[in-house]
Amino acid sequence: MTNILKTAAIALALGVAAITHAAAEDIKIGVDSGPYPPFSSPDASGKWVGWEIEMMDAFCAEAKLTCTLSPIAFDGLIPALNAKKIDAIMSSMSITDERKKAIDFSDKYYNTPTAIIGPKGVKFEPTAEGLKGKVIGVQVSTIHAAYVQKYFAKSVAEVKEYQTQDEANNDLAAGRLDAIQADLVTLNDFLKTDQGKACCELKGNVQDDPAILGSGVGVGVRKEDTALKDKFNAAIKAVRANGTYDKISKKYFDFNIYGK
Amino acid sequence: MKDEATLVPMTYAPPKARSLLEPHRIALAAVFLAILVSAAYFMRWDWLPRYQDRLISGLWTTMLMLISTSVVGFVFAVPLGLVQVTGPKPLAWLANAFCTLIRGTPLLLQLWLLYYGLGSLFAQYPEIRSSWAWPYLRQAWPYGFAALTISFAAYEGEVMRGAFSGVPKGELEAARAYGMGRWTAFRRIWFPRAVYRTLPTLTGETVLQLKSTPLVATVTVMDLYSVITKVRQDTLLTYEPLLLLALIYLCLTGILVLAFRLLENRIPSRGN
Amino acid sequence: MGPTSFDLNLLSLWSPGWGGVLLAGLMRSLEVAVGGFLLGLLIGIGGASAKLWGGKVLRDLLEVYTTVVRGVPELILILILYYAGTDAVNKLMLVLGLPSVDISGLAAGIFVIGVVQGAYSTEVLRGAIKAIPAGQLEAARAYGMSPLLSLRRITLPAMLPYAIPGLSNLWLIATKDTALLAVVGFSELTLVTRQAAGTTKAYMMFFLAAGVLYLLVTLLSNVILGAIEKRARRGLSREQAA
């Protein structure tokens, strides 16, 4: 019986392997499965669109990689990368020391400030003092969750963690949150929607802390995968130099998304 | 397929008290102990003391969710089962439709419908926002509580329906013959006999309910599961926190099964 | 547009409607449910046979498997298996000297649901085999049937009526358990519903629409399973079938 089970297990593994075995230059890139406009979100035809998706295409074309997009829950991206479910992460993931303990990053491909928004008509500063007694929402596993934990946890009434950014946005509009901390660009995108326009406004940027907020967004790769990292670094440099980067960015932003 | 409900609980069969001292069991136990020790030694557990307090408070939330939703759900299950047996027809039909609807769709979807759908609807009405209920409606746990209660009521309601209709007619006729009124007969004979009949499946139902509680973490309730999610995001460990979580739930299941067995043994005449 | 908006155009099958995406998600859910159910059935047949006729050690190991799977929330099993399953297969390939593989989300989803279903299947099938009147098996042996022949000709057909109600339930549970894969980001019905809802902000409408789809699957399954059950009970006396 044991032998039969063992054989069956191996046969199953081989079967799976036969179906899904991939060529060397095919890579899978993990993206947060929750909508994160204007960087990455699914549209009504099931296609993924956004600045980061176009950038992914540009990098992959430049590095001559065949990239397949693989949506995964944001808090599952790093485990999925290390379990070899995916080969790279391009999901607005900031390069931080904490994450560098688990994975490696390419050079940054964009960098934006971190901001706080809240309901209209309620005035407060984006500081520990201003957030006193408020309920603040963040997306789980983000740098914002870590920042709020360090700077605001003691003064706020409650920190609520959401699996996706749009659920936090929705809860702010529904009056169940008093504030959200997130990336300024994605928050601005929300404030431009009908829902955002009606309910909420920008309260300001939080004070920077590079140790937590990191130094920009990079492509996440496995630590041992230096070849892939080098490919992405070269591709980012080339795409920046040949004008593709600016061409794509102009479609989405009227400011410099790359940062200093 | 009508009787499907009675099978749904997939009653959790507790392992029988067998001799644990057979040689192969000792060997197996040694192997598991070795795995456990090497897991403790080779995996990273240094985060454990830092999260101890939060883990305990998360455990408390989970237990509170489990007990409150099971008790309230059971209270709703009784009328849901009863009207399906006694009628009147329209009520029986409604109760049946309710049970089918809840049991035919995933709990996770129901929870999100309540929290993200219905919950954000409330905010649009200034009357609700200024009412006494708003501070509660603003929080996440009432939605988790509602979804879990509804779910338990629907599953247990089907079980109660079977239990009510399964009480032998003769016993009810005997109650009549003794001159009991309808209400007295219900209170003294029908209801207790039906509850006895559900006891064996109640263990399975409660274990299923326990296993459903972590879903509330997806709507920001800080239960045990979301404390572990926090550990995962802070430490970037994949397996250790999840394995601990599985172990805790396994223990909770074991405790539940034992508690129910004690309870069943205390009740002298169980229904058959 | 708000969370309560009910713009039915959003459900249209073609862009800008999300109906097509929802149906594609439903298909993925059904694929995983069918695959997981069948894999669970395979594990169940093996597990039940081993529990009934296997060696002591194997029986105890299976007891551990069924107890653990039934005592731990599906959500947590899915999280562990979704990552660990891929890891384990890759380690196995390394041991066997084969190149590491890239496991599709679908295969991982089927594996996860299958392992969970397998534990319940084992118990259902074991109970069903034990419910066969002992005389029938003894008669088969008396006729000189080999164990394999008696399994095929007597045990499997005789156990079906006892197993089908339990297996029907497992199928219904499988269809609903696939929703849990939304938490790991697998694009089945619940996740695409959540994406559609999040993008359009019409949360109420999309969750209701997905609920209708799940309910249709359940109701349709009930009809089909009811017919199968009736057929399987042919030739059984009333109290035997009860």
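First the proteins, then the strands, lettered A, B, ... as listed; each starts at 1.
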Trainee: Please report the interatomic distance OH(C:Y82) to OG1(B:T238), rounded to the nearest 0.5 Å.
Mentor: 14.0 Å
Trainee: Please name the pair of heavy atoms, one in B:K211 and one in C:R70, separated by the smallest distance, quoted to 0.1 Å.
Mentor: NZ-O, 2.9 Å
Trainee: Output the distance between atom CD1 (C:I78) and atom CG (B:L242), rounded to the nearest 0.5 Å.
Mentor: 12.0 Å
Trainee: Tell me, for C:V217 versus chain B, whether the close heavy atoms (under 4.5 Å) come from the side chain, the backbone, both or neither.
Mentor: neither
Trainee: Do you know which of C:T175, C:T190, C:L77, C:D177 has the most heavy-atom pairs under 4.5 Å to chain B?
Mentor: C:T190
Trainee: What distance separates B:I228 CD1 from C:L79 CG, expressed to the nearest 0.5 Å?
Mentor: 11.5 Å
Trainee: Relative to chain B, which segment of C:L216 carries a heavy atom at a distance below 4.5 Å: side chain, backbone, both, or neither?
Mentor: neither
Trainee: For the backbone of B:R25 and the side chain of C:K56, can you confirm whether one donor and one acceptor N or O come within less than 3.5 Å of each other?
Mentor: no
Trainee: Checking C:A182 against chain B: side chain, backbone, both or neither under 4.5 Å from a heavy atom?
Mentor: side chain
Trainee: Side chain, backbone, both or neither: which part of B:L108 has an atom under 4.5 Å from a heavy atom of chain C?
Mentor: side chain
Trainee: Ignoring hydrogens, what is the shortest heavy-atom contact between C:Y214 and B:L109? Give both atom names and the distance.
Mentor: CD1-CD2, 3.8 Å
Trainee: Between B:Y239 and C:D87, does a side-chain contact (heavy atoms from CB on, under 4.5 Å) hold up when you go through it step by step?
Mentor: CA-CA 11 Å; B:Y239 298 120; C:D87 243 3; 3.0 Å; yes
Trainee: To the nearest 0.5 Å, how far apart are NE2 in B:H24 and CZ in C:R59?
Mentor: 7.5 Å
Trainee: Begin with the C-alpha distance, continue with both residues' side-chain angles, and end with the deciding distance and a verdict on side-chain contact (heavy atoms from CB on, under 4.5 Å) for B:L101 and C:L215.
Mentor: CA-CA 7 Å; B:L101 189 73; C:L215 196 61; 3.4 Å; yes
Trainee: B:S212 versus chain C, heavy atoms under 4.5 Å apart: side chain, backbone, both or neither?
Mentor: neither
Trainee: Please list, one pair per line, the donor and acceptor atoms closer than 3.5 Å that link side chains of residues 24-39 of chain C to other protein atoms, with sequence neighbours excluded.
Mentor:
{"residue": "C:S29", "atom": "OG", "partner": "C:G25", "partner atom": "O", "Å": "3.3"}
{"residue": "C:S29", "atom": "OG", "partner": "C:L189", "partner atom": "N", "Å": "3.0"}

Trainee: Answer yes or no: is there a side-chain heavy-atom contact under 4.5 Å between B:L28 and C:V64?
Mentor: no
Trainee: Do you know the tightest heavy-atom contact between C:L75 and B:L215?
Mentor: CD2-CD2, 3.9 Å
Trainee: What distance do B:L113 atom CG and C:M204 atom CE have between them, rounded to the nearest 0.5 Å?
Mentor: 5.0 Å
Trainee: Does CH2 belonging to C:W53 count more than 12 external heavy atoms closer than 6.0 Å?
Mentor: yes
Trainee: Pick one of side chain, backbone, both or neither for C:I164, based on which atoms fall under 4.5 Å of a heavy atom in chain B.
Mentor: neither
Trainee: Atom CG in B:L114, atom CZ in C:F207: separation rounded to 0.5 Å?
Mentor: 10.5 Å
Trainee: Check the surroundings of atom CZ in C:R231: do more than 12 heavy atoms from other residues, nucleotides or ligands lie under 6.0 Å from it?
Mentor: no
Trainee: Please step through side-chain contact (heavy atoms from CB on, under 4.5 Å) for the pair B:T253 and C:V72, ending with a clear verdict.
Mentor: CA-CA 8 Å; B:T253 304; C:V72 175; over 6 Å; no
Trainee: Which pair of heavy atoms, one from C:K176 and one from B:G104, lies closest together, and at what distance?
Mentor: CD-C, 4.1 Å
Trainee: Quick check: are there more than 12 heavy atoms from other residues, nucleotides or ligands sitting under 6.0 Å from CH2 of B:W60?
Mentor: no
Trainee: Begin from the C-alpha positions of C:I80 and B:L245 and carry the test side-chain contact (heavy atoms from CB on, under 4.5 Å) through to its verdict.
Mentor: CA-CA 10 Å; C:I80 295 177; B:L245 188 60; over 6 Å; no
